[in-house]
Number of protein chains: 2
Amino acid sequence: MRSPEELTTAFRAAGLKVTPQRQLLFRLMHNNSAHPTADSLFAVASQQMPGISLRTVYQTLTDLTEMGELQAIEVGAGAMRFDPNVSDHHHAVCEVCGAVQDVYVNEAPELRGLDGFAVADAHIVYRGRCASCSAPAKRR
Amino acid sequence: MRSPEELTTAFRAAGLKVTPQRQLLFRLMHNNSAHPTADSLFAVASQQMPGISLRTVYQTLTDLTEMGELQAIEVGAGAMRFDPNVSDHHHAVCEVCGAVQDVYVNEAPELRGLDGFAVADAHIVYRGRCASCSAPAKRR
DNA sequence: TTTCTAATTTGCAACCATTGCTAATTAGCA
DNA sequence: TGCTAATTAGCAATGGTTGCAAATTAGAAA
Ligand SMILES: [Mn+2]
Ligand SMILES: [Mn+2]
Ligand SMILES: [Zn+2]
Ligand SMILES: [Zn+2]
């Protein structure tokens, strides 16, 4: 996703308004590697702008996604996650704490079973334990 | 997933009852490669057993999944899909008709970015057009 | 600056897939 | 044939998300 400044220009050029709500969300999503849900983003946004509505957060995230500035990813954990990293990558979801981190694959594997299926996109979801949830073997 | 006969034995052995509803669902899921949702299965089941409840379909699918007879897969299309093929495989989802087909990968690719993440499971979702939706280039 | 209006925001109802709850029913054993 | 724990059906409730309409506002034009 582009910087808040670039998005401001791009929005105006497209005849879209740059509202304080949008500016806040531009800032909150820029360089955000937490893969937040709409709701978790709403929680943070609300602190900085009490009264902002969850509906607006959804609306803006959807708009940015349609503009190709964000990627909406589904990691099978209830809510959609939003990702300003729109490069071709995959995700690892911690089954303990729910954290989502980026995973890159060097080369796509050979496939069997696609007879005639034209692949447009692939997304891998890894499930397991993140480093901090694996680390300190708790005693008992 | 095992055959309806084997499941009947297994259920009784586990102290579970073999009801007509369960028997029907055993039959409908056995060798079913359509990756149905609870609701689509309910539609089919209802024809053969009017009055069966959606709740029972969900309940039975969940039970079978917990017993390892089915796999519940999330292809990012709203509803959960249920799969009697519990072997290690992946899925291709047609963006036109919604069909889901099995995909097998020969070897897992090398990964970058998992620092310390312990992978327990991987699931790849391919998105694109299935053979029948690609095939006949419609004239216009 | 003030005015104007299309775009945006809000709040709330509605939606969908799924689960919780419980009274009524029933499989399967004694 | 009776007993009872397991199951079913029905419906309310949930969580995530979207539809809708009234109120507000960014930003262009006067
Ligand atoms: Mn990412
Ligand atoms: Mn499958
Ligand atoms: Zn973790
Ligand atoms: Zn298709």
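Chain letters run A, B, ... following the sequence lines, proteins first, then strands; residues in each count from 1. In this text, all values refer to a predicted model and were calculated from it rather than measured experimentally.
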What side-chain donor-acceptor pairs closer than 3.5 Å can you find for residues 9-18 of chain A, not counting sequence neighbours?
{"from": "Thr9(A)", "atom 1": "OG1", "to": "Glu5(A)", "atom 2": "O", "distance (Å)": "3.3"}

Legend entry - Length of the line joining Met80(B):CE and dT18(C):C1', which is rounded to integer Å: 9 Å
Inset, instruction - Under 4.0 Å from any atom of DNA chain D, heavy atoms only: list the residues of residues 42-65 of chain A that qualify, in numerical order. - result: Arg55(A), Tyr58(A)
Legend entry - Distance, rounded to the nearest Å, where Asp39(A) contributes CG and dT18(D) contributes P: 13 Å
Return the polar atom pairs (N/O with N/O) between nucleotides 28-30 of chain C and the protein under 3.5 Å, or none.
{"from": "dG28(C)", "atom 1": "OP1", "to": "Arg12(B)", "atom 2": "NE", "distance (Å)": "2.7"}
{"from": "dG28(C)", "atom 1": "OP1", "to": "Val18(B)", "atom 2": "N", "distance (Å)": "2.9"}
{"from": "dG28(C)", "atom 1": "OP2", "to": "Arg12(B)", "atom 2": "NH2", "distance (Å)": "3.2"}

Output side-chain donor-acceptor pairs under 3.5 Å for residues 111-119 of chain A, partner residues at least two apart or in another chain, one line each.
{"from": "Arg112(A)", "atom 1": "NE", "to": "Asn106(B)", "atom 2": "OD1", "distance (Å)": "2.9"}
{"from": "Arg112(A)", "atom 1": "NH2", "to": "Asn106(B)", "atom 2": "OD1", "distance (Å)": "3.3"}

Inset, instruction - Take atom CD of Glu66(B) and atom P of dT7(D), then tell me their distance rounded to the nearest Å. - result: 12 Å
Inset, instruction - Provide the full list of side chain to side chain donor-acceptor pair (under 3.5 Å) pairs with a residue in residues 117-128 of chain B, sequence neighbours left out, each pair given once. - result: His91(B)-His123(B)
Inset, instruction - Indicate, with yes or no, if Val100(B) and Val105(B) share a hydrophobic cluster defined by side-chain heavy-atom contacts under 4.5 Å among Ile, Leu, Val, Met, Phe, Trp and Tyr. - result: no
Inset, instruction - Determine whether Pro36(B) and Met29(B) make a side-chain contact, defined as any pair of heavy atoms from C-beta on separated by less than 4.5 Å. - result: yes
Legend entry - Where at least one partner belongs to residues 37-85 of chain B, residue pairs that pass ring-ring contact (aromatic ring centres under 6.0 Å, His included), sequence neighbours excluded: none
Legend entry - d(CZ, Phe11(B); C1', dT26(C)) in whole Å: 16 Å
Inset, instruction - Please tell me if the side chains of His35(A) and Asp102(A) come closer than 4.5 Å, counting only heavy atoms from C-beta onward. - result: yes
Inset, instruction - Specify the separation, in whole Å, of atom CD of Glu74(A) and atom C1' of dC16(C). - result: 14 Å
Inset, instruction - Kindly work out whether a path of hydrophobic side-chain contacts (I/L/V/M/F/W/Y, heavy atoms less than 4.5 Å apart) joins Ile124(A) to Val86(A). - result: no
Legend entry - Nearest-Å distance for atom pair CD1/C1', residues Ile73(A) and dT17(D): 17 Å
Inset, instruction - Quick one: pull up CG in Leu41(A) and CG in Leu24(A) and give me the separation to the nearest 0.5 Å. - result: 8.0 Å
Legend entry - Protein-nucleotide distance (Leu41(A), atom CG; dG16(D), atom C1'), rounded to Å: 15 Å
Inset, instruction - Starting at atom CZ of Phe26(B), determine the distance to atom P of dT7(D), rounded to an integer number of angstrom. - result: 10 Å
